[in-house]
Amino acid sequence: NLPDLALCPVLIRPTLLSVRRMGPADLPAITTHFIGLNQADRELRFCQQRSDAQLAAYVHSLDFGRDPILGAFANAVLLGVCHLGWGPVLFGSAPIAELGISVDLASRGLRVGAELVNAAFVAAAERGCSDVFIYYVQHNHRMHGM
C-alpha cells in the first residue's frame with residue numbers, strides 16, 4: 001500500500017523521503033555519506049578535493065548546537081546532507097548563512113536536494129536569516145541552475 005499522496009511531501013520509488021535535523025548520534029552516517037562521494041562529487045561539495053581523513057575531520061568538527069545539519073532519509077538510509085553554517089552577525093544586521101549540500105549519485109534527480117534546500121531555507125527563516133550564500137565551483141551545473 002502506498003501512503004496517501006496528499007500526506008507525502010515526496011515519494012521515491014515508492015518510499016517516503018523524510019528530512020530531519022541531525023545530531024551527534026548521526027556522525028557515523030554523515031561520515032559514511034561524505035566518504036562515499038567520489039572525487040568529482042567531493043570537489044562539487046567542498047570546492048576542492050578532500051581525502052577520507054579530511055572528510056572525517058570535517059564531520060567531527062560540525063557544531064550541531066550552532067548549525068542546522070539536515071539529512072534526507074528513505075527507509076532509514078541517508079541519501080543527502082545539507083549544512084547551514086551561520087556567519088557572523090555584523091553591526092546588528094540579520095544573520096547570514098552558507099549552505100553546503102550533497103546528494104548520493106543514485107538519488108539525484110529525485111528531488112532529494114530540493115527538499116533539503118527547502119528545509120534549510122525554513123531553518124534560516126526561523127532564525128531571521130534572509131541571506132543564504134552558496135559557494136560552488138563553476139562547473140557545478142546543478143548548483144548554477146538553482
Side-chain angles (χ1 to χ4, degrees), residues 3 7-13 15-146:
L7 300 177
C8 299
V10 177
L11 283 173
I12 296 183
R13 297 188 193 144
T15 302
L16 179 65
L17 176 73
S18 63
V19 175
R20 68 166 174 83
R21 192 162 177 163
M22 302 177 81
D26 296 301
L27 283 170
I30 298 169
T31 302
T32 299
H33 168 77
F34 285 132
I35 289 176
L37 297 174
N38 63 37
Q39 288 300 323
D41 289 340
R42 291 177 187 198
E43 181 184 1
L44 292 179
R45 167 57 181 87
F46 295 99
C47 296
Q48 59 183 303
Q49 295 294 321
R50 297 287 178 143
S51 69
D52 290 357
Q54 289 171 319
L55 292 174
Y58 165 76
V59 171
H60 283 86
S61 74
L62 294 173
D63 185 342
F64 294 98
R66 183 191 68 204
D67 299 341
I69 315 295
L70 305 169
F73 295 84
N75 292 330
V77 175
L78 181 60
L79 305 179
V81 174
C82 184
H83 178 188
L84 194 62
W86 297 110
V89 177
L90 302 174
F91 308 112
S93 64
I96 60 171
E98 179 184 351
L99 186 143
I101 186 170
S102 59
V103 175
D104 289 343
L105 184 60
S107 302
R108 293 187 194 145
L110 301 174
R111 298 203 40 84
V112 173
E115 292 299 315
L116 283 167
V117 169
N118 288 338
F121 287 162
V122 168
E126 287 173 350
R127 283 210 177 157
C129 177
S130 60
D131 294 319
V132 176
F133 296 89
I134 304 172
Y135 297 98
Y136 59 92
V137 292
Q138 184 176 6
H139 60 274
N140 189 340
H141 302 295
R142 287 186 181 273
M143 292 306 287
H144 183 72
M146 292 179 68

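Both backbone and side-chain heavy atoms feed into the values below; hydrogens, waters and symmetry mates do not. Nothing here was measured: the structure is a model prediction, and the numbers come from that model.
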Which residues pass the side-chain hydrogen bond (donor to acceptor under 3.5 Å, both in side chains) test with [X], not counting sequence neighbours?
X	answer
R50	none
S102	H33
N118	none

Checking [X] side chain against [Y] main chain: does a donor-acceptor pair fall under 3.5 Å?
X	Y	value
R42	I35	yes
E43	A40	no
R108	V103	yes
N75	V77	no

Starting at [atom1] of [X], measure out to [atom2] of [Y] and round the result to the nearest 0.5 Å.
X	Y	atom1	atom2	answer
H60	L27	NE2	CG	5.0 Å
D67	L62	CG	CG	7.5 Å
S130	F121	OG	CZ	11.5 Å
I69	F64	CD1	CZ	5.5 Å
L44	I101	CG	CD1	12.0 Å
L84	R66	CG	CZ	10.5 Å

Please name the pair of heavy atoms, one in [X] and one in [Y], separated by the smallest distance, quoted to 0.1 Å.
X	Y	result
A124	W86	CA-CH2, 3.6 Å
C129	A97	SG-N, 3.8 Å
A72	L116	N-CD2, 3.7 Å

Parallel, tilted or perpendicular: which describes the rings of F46 and Y58, with under 30° parallel and over 60° perpendicular?
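The rings of F46 and Y58 stand perpendicular, inter-plane angle above 60°.
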Do NZ/NE/NH1/NH2 and the carboxylate oxygens of D26 and R21 come within less than 4.0 Å?
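Here D26 does not pair with R21 in a salt bridge, since their nearest N and O are not under 4.0 Å apart.
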Residue pair L17 / V112, side-chain heavy-atom distance below 4.5 Å
yes
What verdict does the side chain to side chain contact (heavy atoms under 4.5 Å, CB included) test give for T32 and L78, after you've listed the backbone C-alpha separation in whole Å, the side-chain angles of each residue and the deciding distance to 0.1 Å?
CA-CA 9 Å; T32 299; L78 181 60; over 6 Å; no
Test side chain to side chain contact (heavy atoms under 4.5 Å, CB included) on V81 and F34 and set out the steps.
CA-CA 9 Å; V81 174; F34 285 132; 4.1 Å; yes
Using the rule given for side chain to side chain contact (heavy atoms under 4.5 Å, CB included), can you reason through M22 versus H83, listing the C-alpha separation, both sets of side-chain angles and the distance that settles it, and then say yes or no?
CA-CA 10 Å; M22 302 177 81; H83 178 188; over 6 Å; no
